[in-house]
Amino acid sequence: MGSVGAKDVPQLLDANGKRIDGRGLEELRPLKIEAGVLTRANGSAYVEWGENKVMAAVYGPREVHPRHMQENTKAVVQCRYNMASFSVDERKKPGLDRRSQEISKVISEAFESVLFVEEYPRTSIGIYIEILQANAGTRCAGIVAASVALADAGIPMSDLVPAIAVGKVGGKLAVDLRKEEDNYGEADMPMALVPKSGRLVLLQMEGHMTAPEMAQALEMGVRGCQQVYEVQKDALKRRYAIQRPTEAV
Ligand code: ADP
């Protein structure tokens, strides 16, 4: 939500209701996912979603560091979301700032609710999300990548976790906001869903919308998540097919 003069605000919807990149209100940016891209992680995935480029690596279950974080009854889920300095227009100061810490925390909590953490007491499941190129929606892209990486690592979980941001631009609700829409739109609401149970495991909002609009935005987000879910499952199917090439012989 930028604070600029009205004359600087780009027109986010044209006369035909098309968005700044020509998309319809419920149209996602192109999404590509590849599972198993890193050899030294237990699981990994690379996601390109519009101009976002995100890598996720998963390690574990393994020993907890630092030791005092260990829990006797369950695995601890340790997520680190990091935005590379070169991922944004103006070089970002390296390191974990407050925003990254908050995002890391909410993503850890989202995954803790789908992973069978009680099966791995006194261990840690490490989820590393690296934002290589950012264009709004990076926490969602990170969750999408991390779920596929967790599945690639073979860590038992109840479901994959698709995610998407729904927002309000030019007075209309729209899914999967890009940077200009995030900056100059009226609202941005990232959410993550567990499709099998219909549970939301992450929901945040910046800006403002009415309660009826929010109800509609949630429905649009669920539909968007279903589309993302299909791409996630397809990435895992392709990964499985690559691992067993002899079956075709
Ligand atoms: P998300 O990426 O999940 O939408 P935000 O709404 O906080 O998270 O950020 C929106 C976009 O703003 C990011 O995707 C990125 O393009 C840009 N951005 C975020 N933080 C910074 C930063 N520290 N420096 C420059 N650009 C940033």
Side-chain angles (χ1 to χ4, degrees), residues 1-4 8-10 12 19-21 23 25 27-33 45-56 79-111 127-149 161-170 173-193 200-209 214 217-218 220-221 224-225 227-228 231-232:
M1 306 316 104
S3 55
V4 289
D8 301 321
V9 177
L12 297 176
R19 293 157 69 180
I20 208 159
D21 53 9
R23 280 186 292 152
L25 296 169
E27 202 176 326
L28 276 61
R29 292 176 286 182
L31 172 61
K32 282 193 279 181
I33 308 177
Y46 174 65
V47 166
E48 283 187 8
W49 192 347
E51 284 153 62
N52 291 314
K53 297 188 179 186
V54 176
M55 184 71 82
C79 175
R80 196 194 70 163
Y81 162 104
N82 182 52
M83 218 173 200
S85 297
F86 51 80
S87 67
V88 285
D89 292 339
E90 277 190 31
R91 181 183 175 277
K92 182 193 163 287
K93 195 166 164 254
L96 288 185
D97 53 13
R98 279 188 60 148
R99 173 181 172 277
S100 302
Q101 284 176 31
E102 182 212 307
I103 294 175
S104 300
K105 182 171 185 290
V106 292
I107 294 180
S108 296
E109 287 168 0
F111 282 116
I127 303 171
Y128 296 84
I129 296 170
E130 295 290 326
I131 309 300
L132 306 172
Q133 189 170 288
N135 186 293
T138 60
R139 77 195 65 200
C140 293
I143 292 168
V144 169
S147 334
V148 174
V161 185
I164 200 163
V166 186
K168 196 173 164 190
V169 294
L173 297 174
V175 300
D176 188 23
L177 304 190
R178 55 175 287 119
K179 184 86 172 79
E180 296 84 349
E181 297 175 322
D182 183 11
N183 281 4
Y184 304 113
E186 297 100 282
D188 175 31
M189 188 175 81
M191 56 189 269
L193 178 76
L200 290 176
V201 289
L202 178 141
L203 182 65
Q204 300 179 297
M205 191 174 85
E206 257 187 280
H208 51 89
M209 59 175 85
M214 182 175 245
L218 285 172
M220 288 169 72
C225 281
Q227 291 185 51
V228 173
V231 185
Q232 288 176 304

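Numbering of ligands and ligand atoms starts at 1, following listing order.
- Looking only at distances, no side-chain donor or acceptor of Glu51 sits under 3.5 Å from a matching main-chain atom of Ala134.
- In this structure, the protein non-hydrogen atom closest to atom 4 (O) of ligand 1 is Gly137 N, 2.7 Å.
- Within the listing of ligand 1, atoms 6 (O) sit less than 4.0 angstrom from a heavy atom of Asp188.
- When non-hydrogen atoms are compared, ligand 1 lies under 4.0 Å from the side chain of Arg99 (C-beta onward) but not from its backbone.
- Under a 4.0 Å N-O distance rule, the pair Asp176/Arg23 qualifies as a salt bridge.
- Listed by number with element, the atoms of ligand 1 under 4.0 angstrom from any heavy atom of Asp182 are 4 (O), 6 (O), 9 (O), 10 (C), 11 (C).
- Of all protein heavy atoms, the one lying nearest to atom 16 (O) of ligand 1 is Lys179 CD, 3.3 Å.
- Taking any N or O of Ile103, backbone or side chain, none lies under 3.5 Å from an N or O belonging to ligand 1.
- How far OG1 of Thr138 is from CD1 of Ile103: 5.5 Å, rounded to the nearest 0.5 Å.
- Looking at Thr138 against ligand 1, both its backbone and its side chain come within 4.0 Å, counting heavy atoms.
- Scanning the protein for heavy atoms near atom 27 (C) of ligand 1, the closest one is Val88 CG1, 3.7 Å.
- In terms of modelled atom types and a separation under 3.5 Å, the side chain of Asn135 and the main chain of Lys179 share a donor-acceptor contact.
- When the heavy atoms of Met83, Arg91, Lys92, Glu51 are ranked by distance to atom 19 (C) of ligand 1, first place goes to Met83.
- Remark: the backbone N or O of Ala136 is paired with a side-chain donor or acceptor of Asn52 at under 3.5 angstrom.
- In terms of modelled atom types and a separation under 3.5 Å, the side chain of Glu109 and the main chain of Val106 share no donor-acceptor contact.
- Under 4.0 angstrom from ligand 1, the non-hydrogen atoms of Asn135 all belong to its backbone.
- Remark: Ile127 CD1 to Ile107 CD1 distance equals 8.5 Å, nearest 0.5 Å.
- Side-chain atoms of Ser85 come within 3.5 Å of backbone N or O of Lys92 as a donor-acceptor pair.
- Nearest protein heavy-atom neighbour of atom 3 (O) of ligand 1: Arg139 NE, 2.8 Å.
- Taking a 4.0 Å cut-off on heavy atoms, Pro190 fails to register as neighbouring ligand 1.
- Side-chain atoms of Arg80 do not come within 3.5 Å of backbone N or O of Ser100 as any donor-acceptor pair.
- Within the 4.0 Å heavy-atom shell around ligand 1 one does not find Glu90.
- Nearest-heavy-atom check against atom 11 (C) of ligand 1 across Cys140, Ala136, Ser85, Ala134 picks out Ala136.
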